[in-house]
Amino acid sequence: MNVLELSEQEIVRRQSLQELRDMGIEPYPAAEFPTNAFSEDIKNDFKDEDEKREVVIAGRMMSRRVMGKASFVELQDSKGRIQVYITRDDICPEEDKTLYNTVFKRLLDIGDFIGVKGFVFRTQTGEISVHAQSLTLLSKSLKPLPIVKYKDGVAYDKFEDPELRFRQRYVDLIVNDGVKDTFLQRATVVRTIRRVLDEAGYTEVETPTLQAIAGGASARPFITHFNALNIDMYMRIATELYLKRLIVGGFEGVYEIGKNFRNEGMDRNHNPEFTCMELYVQYKDYNWMMSFTEKLLETVCIAVNGSTERKVGDNVISFKAPYRRLPILDAIKEKTGFDCNGKSEEEIRAFCLEKGLEVDETFGKGKLIDELFGEFCEGTFIQPTFITDYPVEMSPLTKMHRSKPGLTERFELMVNGKELANAYSELNDPLDQEERFKEQMRLADKGDDEAMIIDQDFLRALQYGMPPTSGIGIGIDRLVMLMTGQTTIQEVLFFPQMKPEKKIPQSSIKEWGEIGVSEEWAYVLRKAGFNLISDIRDEKAQGLQQKIGDINKQNNLGYEKPSVNDIQAWIDAAANVAVVTEEAE
């Protein structure tokens, strides 16, 4: 990277880096720095009456107050922050005071990692701190942190732009309080789910992410090419069909927590790459699964929040079991007054059109009902509610309802207006399953790009016999949103999918060279604000010479200044390039 592409602070930090090396100090030492304490533990364990405790800590320097021969530093480690008291004579007991006067005061910067050996004490103002007796540089920071500043109670320079926060999560985690806590709570959610499932005797497994057939859900897949086999494959949209194969193979219960990929929209509640937990247990049905899910989510909420309630936005959600159970057709009738029971596809489509829904002839009965529920019902269920007994057209992998013709033994769990879980009494009749797959193919022929493809190997597995089974999928990202009170999915993903970063259009160094500008002066022109060759075509040669000469002087570059005639030749060439480009267009 050319020095002129750096900010003034970045240039100063690199100069400090070199000066440290010239002094024989390695800014990125390889040796282990063994610590024995963390900031929060030190403060929690401190008692004034205890004997002096020696500690070794390390972390990032977040602030510094220099007061002559003594200074205060705020050190941030993996658990929090603690104040460090540093004096010149303590860290420089010999005559040479360079470590304090030069290294600490001038060459170290906010954001640098340092190691401190010292003892714990309480300052006169009552703050538990570490009195440093030695100081070690562990890593030099070359970019300045966006440190928040306060004046008259008003915060300035906050790092709060979502575009920057999600793209530069590493900075977000450093400077914004509470961000790290969200992800620690996410870890608690996953850890608790694993504990509950493991204690129930179920086995965690892994199934293929690359699949020859994108099955187990209705969604558009991502497609990739497998070079070794010379075939197109799909990123999985669900783990369901492989997990059911394992039930066929004899496992009592299996679960997987892993990534699924659906080539669909992005918004506050959807990310194309998401984490899902799927569980399948033999000899169970969807009624058992509802009860198991209630207990699981209640346990998770207590583990994360210490109670069965969590505030999300303006809503206080209770995960205390039991939850309401409501058939989907009753929910639609409750919210719209329209009873879908016994209605034909044409009658339901007519009602959808009457209500202003965008539906067409490609929509089968199941998708029409799904549209009605999504438009008029889904967002109204704030407290956990099991929506049950979906029509067969909406549930190609679900067992027929034991007492309600045309319906299936399926539920979706709605919380805070969104689906959190989807579960079935699993279809284990291979002949019925084949017919359901064929119906999905008929929907695909009508233009439904989310219809399932027939998985012949899965049908073969079912023909060997699958015991009665219940299965569920829970969206981990949405569950974490609920358990942490976040209202956007991007807040619970370390690195959510983002649009490509916008870059300022620039002519390449090669293109500048083609009009006679050397590489070093091309960077100077960029620094002066001329990113494109066309930007200089209306400049006056003397004025441009003055602008780039000032940058040459300010940055001590020592470049030989081009003559006015040389610069005029650049401008003329830039004008000719612009004319040729315009004529070509």
Looking at [atom1] of [X] and [atom2] of [Y], how far apart are the two atoms once the value is rounded to the nearest 0.5 Å?
X: E294; Y: L413; atom1: CD; atom2: CG; value: 8.5 Å
X: D45; Y: D50; atom1: CG; atom2: CG; value: 9.0 Å
X: R88; Y: N101; atom1: CZ; atom2: CG; value: 6.0 Å

For [X], what residues pass the ring-ring contact (aromatic ring centres under 6.0 Å, His included) criterion, not counting sequence neighbours?
X: F386; answer: Y323, F411
X: F183; answer: F494
X: Y234; answer: none

Considering non-hydrogen atoms only, spot the tightest contact between [X] and [Y] and give its length.
X: A238; Y: E278; value: CB-OE2, 3.6 Å
X: D109; Y: M61; value: O-CE, 3.2 Å
X: E419; Y: R478; value: O-NH1, 2.7 Å
X: P144; Y: Q9; value: CB-OE1, 3.3 Å
X: E298; Y: F319; value: CB-O, 3.4 Å
X: I472; Y: A421; value: CD1-CB, 4.0 Å

Looking at [X], I want to see if its [atom1] is surrounded by more than 12 non-hydrogen atoms of other residues, nucleotides or ligands under 6.0 Å.
X: E94; atom1: CD; value: no
X: K320; atom1: NZ; value: no
X: L184; atom1: CG; value: yes
X: K295; atom1: NZ; value: no
X: K311; atom1: NZ; value: yes
X: Q124; atom1: CD; value: no

- Identified side-chain contact (heavy atoms from CB on, under 4.5 Å) counterpart of V179 within the set D177, N176, V175, D181: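 The passing option is N176.
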Examine the side chains of [X] and [Y] and answer whether a donor and an acceptor come within less than 3.5 Å of each other.
X: T87; Y: Y100; answer: no
X: R195; Y: T192; answer: no
X: D550; Y: Q554; answer: no
X: Q506; Y: N531; answer: yes

Quick one: are [X] and [Y] in side-chain contact, heavy atoms under 4.5 Å?
X: K284; Y: F292; value: no
X: I489; Y: N269; value: no
X: V116; Y: V56; value: no
X: S470; Y: Y424; value: no
X: L279; Y: L243; value: no
X: N315; Y: Q383; value: no
X: K117; Y: V55; value: no
X: T209; Y: N260; value: no

(request) Check the pair S129 / R122 against side chain to side chain donor-acceptor pair (under 3.5 Å), numbers first and verdict last. (result) CA-CA 6 Å; S129 307; R122 189 187 296 274; over 6 Å; no
Problem set entry | Derivation and outcome, side chain to side chain donor-acceptor pair (under 3.5 Å), residues E309 and N305 | CA-CA 8 Å; E309 292 187 346; N305 298 298; over 6 Å; no
N-O pairing of [X] and [Y] below 4.0 Å:
X: E19; Y: R106; value: yes
X: E160; Y: R165; value: no
X: E163; Y: K502; value: no
X: R169; Y: D172; value: yes
X: R14; Y: E10; value: no
X: E26; Y: R21; value: yes

(message) Evaluate I509 against R526 for side chain to side chain contact (heavy atoms under 4.5 Å, CB included), listing each step before the verdict.
(response) CA-CA 10 Å; I509 300 302; R526 283 183 180 175; 3.9 Å; yes
Decide side chain to side chain contact (heavy atoms under 4.5 Å, CB included) for K140 and L20; before the verdict, give the C-alpha distance in whole Å, the side-chain angles of both, and the deciding distance to 0.1 Å.
-> CA-CA 10 Å; K140 182 74 183 152; L20 286 164; 4.2 Å; yes
Can you check whether [Y]'s main-chain N or O pairs, donor with acceptor, with [X]'s side chain at less than 3.5 Å?
X: K105; Y: L99; value: no
X: D41; Y: A37; value: no
X: N552; Y: I548; value: no
X: D112; Y: S141; value: yes
X: R325; Y: I387; value: no

Which residue pairs pass the side chain to side chain donor-acceptor pair (under 3.5 Å) test when at least one of the two sits in residues 27-39, sequence neighbours left out?
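Passing the test, one end in residues 27-39: S39-D77.
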Practice problem: Just grab all the side chain to side chain donor-acceptor pair (under 3.5 Å) pairs involving residues 60-69, residues at least two apart or on different chains. | Solution: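 For residues 60-69, and leaving out neighbouring residues, the side chain to side chain donor-acceptor pair (under 3.5 Å) pairs sorted by first residue read R65-Q83.
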Before you tell me yes or no, could you show the steps for R236 and Q211 under side chain to side chain donor-acceptor pair (under 3.5 Å), namely the whole-Å CA-CA distance, both residues' side-chain angles and the distance that decides it to 0.1 Å?
CA-CA 6 Å; R236 72 180 177 201; Q211 300 182 354; over 6 Å; no
Quick one: ring pair (Phe, Tyr, Trp, His ring centres under 6.0 Å) pairs with a partner in residues 43-81, sequence neighbours left out?
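Output for this query lists F72-Y85.
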### Message
Test side chain to side chain contact (heavy atoms under 4.5 Å, CB included) on T182 and E491; report intermediate values, then the result.
### Response
CA-CA 8 Å; T182 295; E491 293 288 358; 5.6 Å; no
Subject >> Trace of the side chain to side chain contact (heavy atoms under 4.5 Å, CB included) decision for Q185 with V480 >> reply: CA-CA 8 Å; Q185 289 173 322; V480 173; over 6 Å; no
